Number of protein chains: 2
Amino acid sequence: MADPSRKTDVFQAIADPTRRQLLSMLGEREMPVTVISGHFPMSRTAVSKHLRILADAGLVKERKVGRETRYRLEPEPLLELKRWLAYYERYWDNKLLALQRFVEGDETDGAIALVASNEDGACTAE
Amino acid sequence: MADPSRKTDVFQAIADPTRRQLLSMLGEREMPVTVISGHFPMSRTAVSKHLRILADAGLVKERKVGRETRYRLEPEPLLELKRWLAYYERYWDNKLLALQRFVEGDETDGAIALVASNEDGACTAE
DNA sequence: ATTATATGAAACCAAAAGGTTTCATGTCAA
DNA sequence: TTGACATGAAACCTTTTGGTTTCATATAAT
């Protein structure tokens with residue numbers, strides 16, 4: 001994980017469609033749980049658990065206001081995703097890919113990585 | 001899903017760290033299952049199942065060569081992820097965020113979405 | 001022809017995920 | 001103070017996930 005203070009992996013957190021919906025909903029304004037859960041076909045408690053997972057990943061911030069807890073998007077952890085994705089941008093340029101294959105020639109063995117990557121498959125700046 | 005021919009959601013596919021590692025490994029060159037699985041602390045069959053999930057998401061392509069099946073990265077579905085992420089770029093600009101909050105003023109109710117989004121929380125071009 | 005290699009399918013299993021209902025607690029309103 | 005509202009924690013259940021081992025099949029090599 002990029003930030004060990006995050007209990008939940010960002011990739012894991014955004015894997016669930018309900019949680020992605022939550023993120024888009026909480027981007028514009030902070031909202032209390034009851035209002036949020038009104039938009040979902042599941043119990044308030046279920047939504048609350050999804051919010052906890054998002055909070056554990058640092059994707060959402062809670063703020064107590066009176067008897068309600070308001071949640072708001074915290075986009076910073078998405079930068080990890082952006083960095084991960086940036087690594088693959090190089091494959092979207094077909095010319096670069098063709099060049100790489102040409103340079104490789106017929107070799108089929110010896111897995112020499114052209115770009116360093118950690119055990120998580122992420123490309124980090126360290 | 002962006003492409004209904006994909007059996008597995010891209011977000012789901014990349015949620016697992018093993019599968020992310022597989023993608024980074026298969027980017028440089030195509031490899032047969034036995035070689036691939038040599039890099040993982042699990043059975044060949046387990047790796048094979050991960051590869052199937054990646055293939056179902058369109059993230060990997062298989063090619064039969066003699067008695068072996070070689071896999072290679074297919075980066076195209078990552079564009080869906082890129083589009084999803086692009087939506088949140090707007091939140092990374094703090095000035096824009098500050099302006100938005102200023103415009104909103106003290107309003108706390110009435111969930112008016114400033115930007116359209118589908119049920120999946122994605123921002124699509126339609 | 002026989003044997004070894006490469007692979008996926010099947011059956012199985014434990015743990016995690018996603019949901020429910022119920023309960024306890026804290027805060028606001030009358 | 002009493003009652004309603006907002007919320008999270010707990011216990012529980014079902015399905016999915018990630019792994020295993022075993023078996024069947026296709027290709028290659030001797």
Side-chain angles (χ1 to χ4, degrees), chain A residues 1 6-23 25-26 29-57 59-72 108-109 111 119-121, chain B residues 1 6-23 25-26 29-57 59-72 108-109 111 119-121:
Chain A
M1 239 180 297
R6 286 178 208 144
K7 290 185 53 176
T8 302
D9 185 56
V10 180
F11 292 89
Q12 186 62 36
I14 65 164
D16 185 276
T18 297
R19 288 196 289 269
R20 290 199 297 278
Q21 225 179 311
L22 281 168
L23 290 182
M25 187 173 301
L26 295 173
R29 48 169 43 76
E30 69 176 13
M31 292 164 81
V33 178
T34 305
V35 172
I36 299 169
S37 74
H39 295 68
F40 293 86
M42 65 186 73
S43 73
R44 174 189 52 76
T45 313
V47 171
S48 187
K49 289 211 286 189
H50 280 300
L51 287 168
R52 171 115 334 274
I53 289 169
L54 289 174
D56 285 345
L59 283 165
V60 127
K61 236 177 55 189
E62 356 177 345
R63 182 170 72 101
K64 294 289 295 283
V65 176
R67 61 182 153 179
E68 62 187 22
T69 308
R70 298 191 188 158
Y71 289 85
R72 173 184 281 277
T108 52
D109 60 336
E119 93 290 337
D120 195 36
Chain B
M1 240 179 297
R6 285 179 207 143
K7 290 187 53 181
T8 303
D9 186 53
V10 179
F11 292 89
Q12 187 61 35
I14 65 165
D16 185 274
T18 298
R19 289 196 288 267
R20 290 199 295 279
Q21 225 179 312
L22 281 169
L23 290 182
M25 187 172 301
L26 295 173
R29 49 170 39 78
E30 68 175 14
M31 291 163 81
V33 177
T34 303
V35 173
I36 299 169
S37 75
H39 295 68
F40 292 87
M42 65 186 72
S43 72
R44 176 189 51 76
T45 313
V47 172
S48 187
K49 290 212 285 188
H50 280 301
L51 287 168
R52 172 116 335 273
I53 289 168
L54 289 174
D56 285 346
L59 282 164
V60 127
K61 237 177 53 187
E62 357 176 344
R63 182 168 72 102
K64 294 291 294 284
V65 175
R67 61 181 154 182
E68 62 188 22
T69 308
R70 299 193 188 154
Y71 288 84
R72 172 184 281 278
T108 52
D109 59 337
E119 92 290 339
D120 196 38

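Since this is a predicted model, take the numbers as computed values, not measurements.
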For atom [atom1] of [X] and atom [atom2] of [N], their distance in whole Å:
X        : N       : atom1 : atom2 : result
Lys64(A) : dT7(D)  : NZ    : P     : 9 Å
Lys49(B) : dT16(D) : NZ    : P     : 14 Å
Glu68(B) : dA26(D) : CD    : C1'   : 13 Å
Arg67(A) : dG8(D)  : CZ    : P     : 14 Å
Met42(B) : dT20(D) : CE    : C1'   : 12 Å
Asp56(A) : dG8(D)  : CG    : P     : 12 Å
Arg70(A) : dA6(D)  : CZ    : C1'   : 12 Å
Arg52(B) : dG18(D) : CZ    : P     : 15 Å

Q. Hey, is the side chain of Arg19(B) pairing donor to acceptor with the base of dG18(D) inside 3.5 Å?
A. no
Q: Could you tell me from which nucleotide to which nucleotide of DNA chain C, 5' to 3', there is an atom under 4.0 Å from chain B heavy atoms?
A: dA4(C) to dA10(C)
Any side-chain N or O of [X] below 4.0 angstrom from OP1/OP2 of [N]?
X        : N       : answer
His50(B) : dG19(D) : yes
Ser48(A) : dG8(D)  : yes
Thr69(A) : dT7(D)  : no

Q | Shortest non-hydrogen contact from Ala13(B) toward Arg19(B) | A | O-NE, 2.7 Å
**Q.** Residue that, paired with Ile14(B), satisfies side-chain contact (heavy atoms from CB on, under 4.5 Å) out of Leu23(B), Asp9(B), Leu54(B)
**A.** Leu23(B)
Could you check if a side-chain atom of [X] sits within less than 4.5 angstrom of a side-chain atom of [Y], using non-hydrogen atoms only?
X        : Y        : answer
Met25(B) : Phe40(B) : yes
Leu59(A) : Thr8(A)  : no
Leu26(A) : Arg72(A) : no

Q) Which comes earlier along DNA chain C counting from the 5' end, the contact point of Gly66(A) or that of Pro41(A), where each point is its nearest nucleotide? A) Pro41(A)
